[in-house]
Amino acid sequence: MAKELTHLKTHEDAIYSCSRIGDCREAVMVSVGKYGVCPVYAHSPGFEAFYARGRLLVAQGLLEGAIEPSAALADVAYQCTTCGSCKWSCHMTFEPSVRLFCEQHIPDHTKIWEALRADLVESAIGPMPRHKEILAWMRQDHNPYNERHQNRRTWIPKGVDVPAAGKTLFFAGCTGAYRRPEMLQPLLRLAQTTRTPLAVSPDEWCCGSVASRTGDLPLASDLAQHNGQLFRQMGARTLITNCAGCYRTLKLEYPNLVEGYDFEVLHTTEWLNSLVQKGRLTFKPLNATVTYHDPCHLGRHSRIYDAPRALLHAIPRLNVVEMKRNREHAWCCGAGGGVKSAFPDLALKIGADRIHEALDTGAQYLVSACPFCKTNLQDAASAEAATLQVVDILELLGQTAKS
Amino acid sequence: MMHERVLGALRDIVGSEFVADEDFVVYAYSRSNDPALPPRPPEYVVRPKSAEEVSAILTLANKKRLGVVPRGGGACLTGGSKPIQEGGIVLDLTRMNRILSIDEETMVVVAEAGITWAALNAALGEKGYWTGNLGPGSGMSATIGGGLSHHSVGGGGGAMFGPCTRNCAGLEVVLPTGALVHTGSWANTAATRPFGHFGGGPDLFAMFLGDNGLLGIKTKAVLNIYPKPKLHECKTFTIPAEGSDDRAAKILYDWRKQGSEVLYDAFYFHPLLTFGYTGGLAGVEGYKGFFDASGSPRNAGVLFYVAVADHEATLKANVKTLDAVMTKHGGEALGPEVANGNIARWFYEKDGHWMIFHGLWGCLGKRSIACTTEHVEPIWQFPLTNRALDRWAEDHREELALVNGISGAGHIMLADHFNVESDTGFITQNRPELREQNLKLWKSQAEFLAKQGVMYYMMGETLSLAMVDAKVFQGPYYDLLRALKRTLDPNGVLSPGKFRL
């Protein structure tokens, strides 16, 4: 008999509230621009266990003891980008005055998938082998890239003076700091332009998103405790981050993990948009066509859809076009939930869908606001030999900002 | 050994990727939507890509005497898309989801049976067409094969187009023995394209429509298509709670008789359902439009219609007639917007037709799901049936209390001719420990209603058995059905157990 599924059990009511209608598989809803739901289902063998309805029935079977956790089950449980599209399919009416009760009875499907993963980790069945390596690095050096912790600020160009502490802290995140410095560096210029003192701490640890997504809850909690204490010690009031995953974790998860957590958390797009609204940030014209990809952590999970678009519209002559699927209905980039590391081929296939959707718009730039999205979409664009450039919104803003 | 041999043979037919026997994968096919039937996982799940693969699987099933259950979107509410007996194969047909042709000369679409109603109509919509009847209320998940196996109605267009089977102009069916047949004009090998249902002698086509997967597996379907109407009008009305069923029956009858030229859909909500929609039964926030000016849930029956036409004069004249009927019977129009209570507008303009039934689920709180006894009956009969159902509920008050259940009629919608589809049933709790009690009540209500003379259509396990167990099938009719089944399926491999066959 496997270890008791304590995490899954906390979601028992939600699991048994599923009406099993199956709109979470591949619903099409032309009136709101929904064309498909589950990116994993679309690229899997397509059995029920690969999308939300089937996963919930599997969860029922586990809770009833009809089936036992297994390595094969874990392999499928981890094939989920936790993009949250199933939630927005289950809750959908997109008509403010018509609410479906499932919205209240199954508030967040992603939490159920993550609870199952937590149980699999506690049963020593999960996570995937590649996740185990990454989580070990996070324990050792507080980042998922096996980089030395003391190199956390090396992304800051030489000669640029950035304080290590302050009231407004820029939480760089591991992917930006260690893998995507080109995404972060424009922010320093924008901060300088707008005369905003931003601090970057050398003691920042990984936000823990990777641990939460893959089910290592003790590690996620340790990282959160450290960072929470760090924010307090430096007297921070506002946390700004450019990583959609960090944003979701700092904004939505830390309040449940860190006692007395009361920091203002902003995504860079929210912060910069507020500066644009105040007239403190303006842009030079750019003759180009761009399309914006909503990162799942920023969009569906955190409901930030308007700020990035407002910023793009603030660049004169920039032609901003939407992909067929956008906002709540945006197709995932394919990287989230540990899929990029454990199932890279699946991540690329999902990313390729998005690349082709972006190409259909005629855009020269595919813009996102998340380092994971940029990485996977760039990989997918290369694999598809696509001509469009994948950039982070900060790069575009840095390029066009008036000094 | 037998298991491994079958597994290998199935893999040879469809490829290893599309055959599963892992416990958790097959478990995900063990239940339908109901909170009553016990989980019955199949031994294998197979996802074929073509009629030829389906045929090969059925040939294998005959050799090995394995039961095969065809499954479309898996949205059957009565246990039809999972095994009734132990083990066997579930054929998940959702991989067969291509549109093969949109024939604008014949005005038909040919599609594989595993495509959903929503995906099919989205593609047709790009050319300005639709299928008229938009399948079942679960059309974003339900497939056309499943809909045609159930005479589905409810996802839009029921009043104007009847059940979806009325618009079916041809089928490709794999018979239980594995033979592949085409029906309707498709049976004529000289016909270049399929064009219609009728002709060619006895209507063998019809026996596969609404068969609940008993007589063959639909792999392709030909559906009539229509230009989408240019104009529409959506209106929602309240009627007094007292005597609302009788009043609603009169209204639906008069609407049908006087305004059917434009009547695309007409729905009636019993006052309890109106209250349920507000969230009042569950103590949660529901549909804002069904609250009155003082902020209280309306104690009223609600009716709505959707009228469509291509010409303004036609629409106006018919809407006037429909509205006059409503005024005559004491109805009051709600405001024009969805937020004012005009749920018809949401239904027609915002894909609400594929969500209108979702409002029932969870309306009694967490884990609350319906055991449905939805059926077809004449307009005049539904108030009588509802009263009979109230008597049944009174007779089973204590048993219903054990499961915190509420029995009654949900949506009543104008369907075929002067008939309605009536969403009766009871809402209960989806808890493993209550399944046995739920099933007992479900069987009891299903047999009770069958004896009131109603006809079930989405019959699956529970309602197909209820018709037989209630002994309401005329003897010679059931003998004919059994003889047909034996002829087409001598080894009894297809959907074993449905209709007790």
Side-chain angles (χ1 to χ4, degrees), chain A residues 12-32 34-37 44-51 53-58 60-64 66-70 72-73 76-77 89-90 92-106, chain B residues 17-18 20 22-25 27-33 35 39 41 45 47 73-75 92 94-95 116 118-119 121-122 125 138 140-142 279 282 284-289 337-339 343 346 349-352 354-355 357-359 361-363 365-370 429-432:
Chain A
E12 194 171 345
D13 277 343
I15 289 165
Y16 280 92
S17 290
C18 173
S19 65
R20 301 193 42 69
I21 201 65
D23 290 342
C24 46
R25 184 177 74 239
E26 54 180 349
V28 171
M29 197 175 164
V30 174
S31 61
V32 299
K34 176 179 280 298
Y35 298 92
V37 179
S44 72
F47 294 108
E48 288 274 316
F50 283 90
Y51 75 99
R53 177 176 68 179
R55 289 178 194 268
L56 287 170
L57 190 48
V58 169
Q60 290 182 18
L62 287 166
L63 289 172
E64 291 173 36
I67 47 178
E68 295 277 335
S70 64
L73 187 152
V76 173
S89 176
C90 184
M92 65 188 171
T93 64
F94 303 102
E95 165 57 51
S97 59
V98 185
R99 291 186 69 185
L100 301 180
F101 301 122
C102 45
E103 178 186 338
Q104 289 153 86
H105 302 329
I106 318 177
Chain B
E17 193 183 359
F18 299 109
E22 295 91 346
D23 60 353
F24 70 95
V25 179
Y27 193 84
Y29 290 83
S30 65
R31 301 191 65 201
S32 295
N33 302 45
V45 181
R47 299 191 72 234
D92 176 338
T94 50
R95 255 182 97 211
T116 65
N121 275 284
S138 54
M140 283 189 276
S141 163
V284 295
E285 191 186 334
Y287 179 39
K288 288 178 187 164
E337 303 303 326
V338 182
I343 203 163
W346 171 68
E349 294 178 1
K350 302 185 176 182
D351 290 316
W354 283 320
M355 284 178 278
F357 299 95
H358 296 25
W361 295 314
C363 76
K366 289 172 184 171
R367 297 181 181 231
S368 64
I369 295 181
Q429 301 294 304
N430 186 18
R431 295 179 184 277

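No experiment lies behind these values; they were computed from the predicted model shown. First the proteins, then the strands, lettered A, B, ... as listed; each starts at 1.
If you measure heavy-atom distances from B:Glu337 to chain A, you find no contacts under 4.5 Å at all. Within the 4.5 angstrom heavy-atom criterion, no atom of B:Ser368 approaches chain A. Contact annotation for A:Cys18: only backbone heavy atoms (N, CA, C, O) come within less than 4.5 Å of a heavy atom of chain B. For a residue to count as touching a neighbouring chain, one of its non-hydrogen atoms must lie under 4.5 Å from one of that chain's; by this rule B:Trp346 touches chain A with the side chain only. If you measure heavy-atom distances from A:Arg55 to chain B, you find no contacts under 4.5 Å at all. Proximity to chain A (any heavy atom under 4.5 Å) is restricted, for B:Asp92, to the side chain, taken from C-beta onward. Contacts of A:Val76 with chain B are made by side-chain atoms alone, with heavy-atom separations under 4.5 Å and no backbone atom involved. For A:Glu64, the part lying under 4.5 angstrom from a heavy atom of chain B is the side chain only. Using a 4.5 Å cut-off between heavy atoms, A:Glu103 does not touch chain B at all. For A:Leu100, the part lying near chain B is the side chain, with the backbone staying farther off; criterion is any non-hydrogen pair under 4.5 Å.
Of the listed residues (A:Glu12, A:Lys34, A:Arg20), the greatest number of heavy-atom pairs within a distance under 4.5 Å of chain B belongs to A:Arg20. Among A:Val30, A:Thr93, A:Val32, A:Leu73, the residue with the largest count of heavy-atom pairs under 4.5 Å with chain B is A:Leu73. Options A:Gly22, A:Ser19, A:Gly54, A:Ala49 differ in how many heavy-atom pairs under 4.5 Å they form with chain B, and the most are formed by A:Ser19. Looking only at heavy-atom pairs under 4.5 Å with chain A, the residue among B:Thr116, B:Val284, B:Ile369 that has the most is B:Val284. Of the listed residues A:Ser44, A:Gly46, A:Gly36, A:Cys24, the one with more heavy-atom pairs under 4.5 angstrom with chain B than any other is A:Gly46. Between chain A and the residues B:Ser30, B:Ala20, B:Ala122, the most heavy-atom pairs under 4.5 angstrom are made by B:Ala20. Chosen from B:Lys288, B:Arg31, B:Glu285, B:Arg95, the residue pairing most often with chain A at heavy-atom distances under 4.5 Å is B:Glu285. When the candidates B:Gly365, B:Ala142, B:Gly279, B:Ala75 are compared by the number of heavy-atom contacts under 4.5 Å with chain A, B:Gly365 comes out ahead. Of the listed residues B:Gly286, B:Gly352, B:Pro35, the one with more heavy-atom pairs under 4.5 angstrom with chain A than any other is B:Gly286. The residue among A:Leu63, A:Asp13, A:Val58 with the most heavy atom pairs within less than 4.5 Å of chain B is A:Asp13.
Between B:Arg47 and B:Glu17 there is no salt bridge, since no side-chain N of the basic residue sits under 4.0 Å from a carboxylate O of the acidic one.
No donor-acceptor distance shorter than 3.5 angstrom exists from the side chain of A:Ser17 to the backbone of B:Lys366, with no hydrogens or angles considered. Between the side chain of B:Arg367 and the backbone N or O of B:Arg431 there is no donor-acceptor pair closer than 3.5 Å. Judged by distance alone, the side chain of B:Asn430 and the main-chain N or O of A:Tyr16 form a donor-acceptor pair under 3.5 Å. In this structure a side-chain-to-backbone donor-acceptor pair under 3.5 Å is present from A:Arg53 to B:Gly74.
A donor-acceptor contact under 3.5 angstrom links the side chains of A:Glu95 and A:Ser97, judged on distance only.
Minimum heavy-atom separation, B:Trp361 to B:Ala370: CD1-N, 4.2 Å.
Considering CD1 of A:Ile21 and OG of B:Ser138, their distance stands at 4.5 Å, rounded to 0.5 Å. In this structure, the separation between OG on A:Ser70 and CD on B:Glu22 is 8.5 Å, given to the nearest 0.5 Å.
The side-chain heavy atoms of B:Met355 and B:Lys350, taken from C-beta on, include no pair separated by under 4.5 Å.
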Chi angles and distances behind the side-chain contact (heavy atoms from CB on, under 4.5 Å) call for B:His358, A:Cys102: CA-CA 9 Å; B:His358 296 25; A:Cys102 45; over 6 Å; no
Under the side-chain contact (heavy atoms from CB on, under 4.5 Å) criterion, do B:Val45 and A:Phe47 qualify, and how do the steps go? CA-CA 8 Å; B:Val45 181; A:Phe47 294 108; 3.8 Å; yes
